[in-house]
Amino acid sequence: MALHIIDHPLVQHKISLLRDKNTGTKEFRELVSEIAMFICYEATRDLPLKEIELETPIAVAKTKIISGRKLAFVTILRAGLGMVDGVTKLVPAAKIGHIGLFRDPETKESVQYYVKLPDDIAERDAIIVDPMLATGNSASAAISELKKLGVRSIKFMCIICSPEGVEAVQAAHPDVDIYAGVMDEGLNEDKYIIPGVGDAGDRIFGTK
Ligand code: URA
């Protein structure tokens with residue numbers, strides 16, 4: 001399925017601020033949350049609507065509200081936590097799931113250490129959030145976990161993706177749309193995105 005790059009000027013401007021190594025933890029965290037909100041706006045563009053009637057102070061209005069299936073955001077720990085605040089500002093009723101994955105420093109493969117998802121996850125549209133789509137290993141593992149539990153509608157949202165990550169996810173999960181703010185050049189030998197932002201988790205939580 002498709003890769004959607006959200007090339008809105010506000011998103012591009014805020015991503016540039018994120019990249020700056022002099023951007024401190026507080027501002028970095030705020031930017032991740034704001035960018036997540038903008039990307040979520042596009043990722044939810046196809047939510048179904050239904051018409052209702054209500055009374056305004058002037059007249060009866062035929063107007064639209066979101067209908068149909070409910071949403072769940074699934075955050076990949078730990079950097080994905082930085083996006084939760086932004087996406088839940090847009091969809092406050094969404095439930096939140098967590099999948100803990102770390103990158104084995106030797107193999108660079110994803111190792112799952114935690115999963116906690118809404119009980120009714122299989123009945124929800126799931127949007128996975130993680131700021132960096134690098135090798136695609138964590139994204140693919142998270143998508144596989146949701147599919148195993150019967151989730152049929154899955155999207156993946158990130159702020160920066162690499163060509164390698166997009167290719168890997170699209171090869172493993174061709175049915176999953178990817179929403180990103182920008183596609184960078186590629187990965188370095190440590191599998192960090194170039195030029196990227198460095199370690200997004202460390203920058204969100206101030207751990208380095
Ligand atoms: N995770 C990060 O935080 N940064 C990268 O560049 C790649 C993966």
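Order of appearance sets the numbers: ligands from 1, and atoms from 1 within every ligand. Each residue takes its place number in the sequence, starting with 1.
Listed by number with element, the atoms of ligand 1 under 4.0 Å from a non-hydrogen atom of Ala134 are 7 (C), 8 (C). Every atom of ligand 1 is numbered from 1 in the order shown, and the set under 4.0 Å from a heavy atom of Ala200 is 2 (C), 3 (O). Under a 4.0 Å criterion applied to the non-hydrogen atoms of Gly198, ligand 1 contributes the atoms 2 (C), 3 (O), 4 (N), 5 (C), 6 (O).
The nearest heavy-atom contact from the protein to atom 6 (O) of ligand 1 is Ile193 N, 2.7 Å. Among all non-hydrogen protein atoms, the one lying nearest atom 5 (C) of ligand 1 is Tyr192 CD2, 3.3 Å. The nearest protein atom to atom 1 (N) of ligand 1, hydrogens excluded, is given as Met132 CB, 3.9 Å; this is a heavy-atom distance.
Donor-acceptor pairing under 3.5 Å is recorded for the side chains of Thr207 and Asp202. In this structure, a donor-acceptor pair under 3.5 Å is present between the side chains of Ser153 and Asp125.
Using cut-offs of 30° and 60° on the angle between ring planes, the pair Phe102 and Tyr113 is tilted.
For the salt bridge (Lys or Arg N to Asp or Glu O under 4.0 Å) condition, the pairs that include at least one residue of residues 152-171, sequence neighbours left out, are Asp46-Lys155.
Among all heavy-atom pairs drawn from Ala180 and Ile39, the shortest one is C-CD1, 4.1 Å.
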